[in-house]
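All ligand and atom numbering here is 1-based and tracks the order in the structure.
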Amino acid sequence: MGDPGSPAAGPTQGGDLAADIDRAGEILARAQYVVVLTGAGVSKESGIPTFRGDGGLWTVNGEPPMNGFQLFLEDTAGWWRQRLDRRRADEADPASFARAVDEARPNPAHAALAELEHLGVVRHLITQNVDDLHRRAGQREITEIHGNRHWMRCLDCGARWPASEFPVDEGRLPPRCAQPGCEGVVKDDTVMFGEPIPAEALSRCDAESRRADCFLVVGTSAVVMPAAGFPLLAWQRGAPLVEVNPEPTPLTGYAEVSCRGAAGDVLPELAAAVRARRAAGA
Ligand code: APR
């Protein structure tokens, strides 16, 4: 995507959160095709740490190697052995990130976004999260651009299965594809650093971003491409951006309004504001 150009003026951030939420509700209620991008911040109130920022997983433990996919391809059987060992260790460690995600439940932010889909306001949701919480909250039109940690995927044919339906035989690693005639290596559906994002997911996000007449960005630091570029595809065509984040991000300058608050607090109020305006015939 080329240079989006610089924003004319920053968001109407009056520092009055209630007024910002009301303004955001007005913008969403007026739109016909709202697309959403979420990041780790939307799951914070579900007990899942973010990656960056205060208390983030990588802020505390340092970033993982950026060539994870390359390392996987070099020794897929060895990678799988380590992964199975790590899973056993995580299951035994109540403080592990994996346990936090496994025990997480959708929070009011996920529920509000599912309600906005039910109201016909949100038409598609792109998430960078792999925690499955949007789907469990009832969201239906979703693209999980970084995959889903509860699914497995064949690297050759792209076939996907729920991990619970794909037993891994530790005596035959790496696991191979179950599709007739395909012997591809199977890995977690979660996209690794250095791994191409599945083409189907990318083209869906591109198409939805170009249809959007309003883009709601929730709980992402907006530093990872291509995800952070999708809101700008809409902005370049004149669609207003609405942001929900306790902190400013590289997208804040493009936003009509940026609600400085936690998703679990702001989104239920935003959904109520939209519902009220829609009921009043906005
Ligand atoms: N509500 C909303 N947003 C919040 C909250 C909250 N309660 N708490 C923190 N945030 C915001 C932070 O201010 C930050 O902008 O959530 C964002 C989290 O940023 P990251 O940790 O960078 O997560 P994310 O943007 O999803 O990262 C994108 O990077 O490493 C890759 O694959 C990983 O999908 C991830 C991608």
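Between Q128 and T220, the side chains place a donor N or O and an acceptor N or O closer than 3.5 Å (distance only, hydrogens not considered). For the 3.5 Å distance criterion, the side chains of R52 and T50 fail to qualify, holding no donor opposite an acceptor. A donor atom on one side chain and an acceptor atom on the other are found under 3.5 Å apart for T38 and T127. Checked by atom type, the side-chain pair S164/H150 shows no donor-acceptor distance below 3.5 Å.
Not one N or O of V244 is nearer than 3.5 Å to an N or O of ligand 1, by distance alone. Between V42 and ligand 1, not a single N/O pair is under 3.5 Å apart.
The nearest protein atom to atom 13 (O) of ligand 1, hydrogens excluded, is given as N245 OD1, 2.8 Å; this is a heavy-atom distance. Protein heavy atom nearest atom 32 (O) of ligand 1, with residue, atom name and distance: H146 ND1, 3.5 Å.
Residue T220 has at least one heavy-atom neighbour below 4.0 Å for each of these atoms of ligand 1: 15 (O), 17 (C), 24 (P), 25 (O). Against a heavy-atom cut-off of under 4.0 Å, G219 is close to the following atoms of ligand 1: 2 (C), 3 (N), 16 (O), 17 (C), 18 (C). Atoms of ligand 1 lying under 4.0 Å from any heavy atom of E247, numbered from 1 in the order shown and given with element: 13 (O). Interface of W58 with ligand 1, defined as ligand atoms under 4.0 Å from a residue heavy atom, comprises 30 (O), 31 (C). Below 4.0 Å from some heavy atom of A40 lie the following atoms of ligand 1, by number and element: 23 (O), 24 (P), 26 (O). Those atoms of ligand 1 that come under 4.0 Å of a heavy atom in K44, given as number and element, are 7 (N), 8 (N).
Between atom 27 (O) of ligand 1 and the options M192, M66, E63, R52, the minimum heavy-atom separation is to R52.
Between R204 and E208, at least one side-chain N (NZ, or NE/NH1/NH2) sits under 4.0 Å from a carboxylate O, which counts as a salt bridge.
For G56, the closest heavy-atom approach to ligand 1 does not fall below 4.0 Å.
There is a path of hydrophobic side-chain contacts, each under 4.5 Å, that joins I27 to V121.
Aromatic pair F193/W58: ring centres closer than 6.0 Å.
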